[in-house]
*Asks:* 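What follows is a single structure, and I will ask about it in a moment.
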Amino acid sequence: MSTAKNEEKKITTHTLQEMKKRGEKISMLTAYDFSLAKILDDAGIDVLLVGDSASNVMAGHETTLPITLDQMIYHASSVVRAVKRALVVVDLPFGSYQGNSKEALNSSIRIMKESGAHAVKLEGGKEVKDSIERILSAGVPVMGHLGLTPQSIYKFGTYVVRAKEEDEAQKLIADAHILEEAGCFAIVLEKIPASLASRVAGELHIPIIGIGAGGGVDGQVLVLHDMLGITHEFNPRFLRRYMTLYDDMKKAVGHYIDDVKKKDFPNDKEQY
Ligand code: KIV
C-alpha cells in the first residue's frame with residue numbers, strides 16, 4: 001500500500017508525463033463534491049476529473065449539455081477543498097468555449113480563479129486548436145478529449161463506439177497529433193477500439209487516458225457513480241463495478257425506515 005508515500009508529493013501535469021515515460025499507469029476518477037473527493041484523494045487517486053457528467057449523475061439531466069459554468073465552478077471548488085495530492089481537472093461545459101478562443105480563455109480563467117483547480121478539459125480536435133493555444137497562453141494546462149464526445153451527442157445521435165471506420169480513425173489520429181502539438185498535457189479517449197487507442201498512445205508523447213478504450217493506453221478514467229454501482233442501470237461493456245451501492249444503500253435506507261416506523265430508532269442510548 002503506497003498511500004502514505006503518495007501523499008508526500010502533489011501530482012502535476014509534469015508528474016503524469018513522467019509516469020508515462022516510466023510506464024506507470026495513471027488512475028483517474030470523476031468527483032463532484034467534497035466528501036467523496038476526500039475519500040478518493042486519501043485513497044491515492046492520481047487525477048480527479050470534475051466532469052460535466054455531473055449534469056447526468058448529480059443533476060439528473062439526460063445529457064451533459066445543460067450544466068452551466070457556474071455549476072461546474074461550484075462542483076470544482078468543493079472538490080478542490082478536499083484535495084491534498086491529486087491533480088484536479090475541470091471540464092469546460094458545453095457553450096462555454098465553442099464560440100471563440102476568447103470565450104474559451106475567459107471560461108478557463110473563471111474556473112481556475114474561482115475554484116482553485118489545476119487544469120481544464122475540453123472536447124474536440126482541430127476545431128478547438130486555437131482555443132487550446134489561447135488558454136495555454138494564459139498558463140492554464142489543457143487536457144483534450146476525443147472519440148465519443150458527449151457534448152456532441154445531438155450531432156452523432158447515439159453513444160455507440162466511435163472511430164470504427166477507417167476515415168474516422170484517421171481523423172482521430174490526426175486530431176490527437178494536433179492536440180499534442182497545440183500543447184495539451186494529456187488526452188482522454190472515450191469509447192473507441194482498443195487497437196486504435198493503443199496506436200495513439202504509442203505515437204504520442206503525452207499521456208492518453210482511456211474510458212472504454214482498452215488497456216494499451218497510459219491510464220484509465222471512470223465515472224465514480226458508475227464504478228461504485230450507484231448508477232445501476234448503466235451497463236456498458238467497458239465498465240467494471242467495484243461496489244453495488246445502489247442496492248446496498250437502498251437496503252440500508254429500508255432498514256432505517258423500518259426502525260423509525262417500529263419505534264426502534266432512537267433507542268435509550270441514542271438520545272440525551
Ligand atoms: O464528464 C466526464 O465524466 C468525462 C469522462 C467520461 C471522461 O468527460
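Values in this document were obtained by computation on a predicted structure and should not be read as measured data. Both ligands and their constituent atoms are indexed starting at 1 by order of listing.
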*Asks:* Examine the side chains of Glu180 and His205 and answer whether a donor and an acceptor come within less than 3.5 Å of each other.
*Replies:* no
*Asks:* For Lys121, state whether at least one heavy atom is located under 4.0 Å from any atom of ligand 1.
*Replies:* yes
*Asks:* If we ignore angles and hydrogens, is there a donor and acceptor under 3.5 Å between the side chains of Thr231 and Asp226?
*Replies:*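 Yes, a side-chain donor-acceptor pair sits under 3.5 Å.
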*Asks:* What's the separation between atom CG in Asp264 and atom CG in Asp259, rounded to the nearest 0.5 Å?
*Replies:*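 Going from the CG atom of Asp264 to the CG atom of Asp259 covers 4.5 Å.
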*Asks:* Considering only heavy atoms, does Thr64 approach ligand 1 within less than 4.0 Å through its side chain, its backbone, both, or neither?
*Replies:* neither
*Asks:* For Val223, take its heavy atoms, then give the atoms of ligand 1 lying under 4.0 Å from any of them.
*Replies:* 3 (O)
*Asks:* Regarding Asp167 and Lys171, does a basic nitrogen lie under 4.0 Å from an acidic carboxylate oxygen?
*Replies:*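 Salt bridge: no.
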*Asks:* Any idea which part of Asp52 is under 4.0 Å from ligand 1, heavy-atom wise: side chain, backbone, both or neither?
*Replies:*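 Answer for Asp52: both.
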*Asks:* Using the ring of each side chain (for Trp, its six-membered ring), is Tyr32 parallel, tilted or perpendicular to His75, with breaks at 30° and 60°?
*Replies:*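 Rings of Tyr32 and His75: perpendicular, over 60°.
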*Asks:* Taking the minimum heavy-atom distance to atom 3 (O) of ligand 1, which of Gly212, Ser53, Pro93 ranks first?
*Replies:*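 Selected option, by shortest heavy-atom distance: Ser53.
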*Asks:* Closer than 4.0 Å to some heavy atom of Thr30 - which atoms of ligand 1 meet that?
*Replies:*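 Taking each heavy atom of Thr30 in turn, ligand 1 has 3 (O) under 4.0 Å.
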*Asks:* Take every heavy atom of His145, measure it against each atom of ligand 1, and state whether any distance is under 4.0 Å.
*Replies:* yes
*Asks:* With no hydrogens and no angle check, do the side chains of Thr15 and Thr12 hold a donor and an acceptor under 3.5 Å apart?
*Replies:*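 Judged by distance alone, the side chains do pair up.
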*Asks:* Do the side chains of Lys25 and Asp46 get close enough for a salt bridge, i.e. N-O under 4.0 angstrom?
*Replies:*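 Salt bridge: no.
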*Asks:* Within a distance under 4.0 Å of any heavy atom of Asp91, pick out the atoms of ligand 1 and give their elements.
*Replies:* 1 (O), 2 (C), 8 (O)
*Asks:* Starting from atom 5 (C) of ligand 1, find the nearest protein heavy-atom neighbour and note its residue, name and distance.
*Replies:*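 Nearest neighbour among protein heavy atoms for atom 5 (C) of ligand 1, to 0.1 Å: Leu49 CD2, 3.7 Å.
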*Asks:* Quick one: CG on Leu105 to CG on Asp130, what's the gap to the nearest 0.5 Å?
*Replies:*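 Interatomic distance, Leu105 CG to Asp130 CG, rounded to 0.5 Å: 12.5 Å.
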*Asks:* Short N/O distance, under 3.5 Å, between Tyr32 and ligand 1?
*Replies:* no
*Asks:* For Ile211, counting its heavy atoms only, list the atoms of ligand 1 lying under 4.0 Å from any of them.
*Replies:* 6 (C)
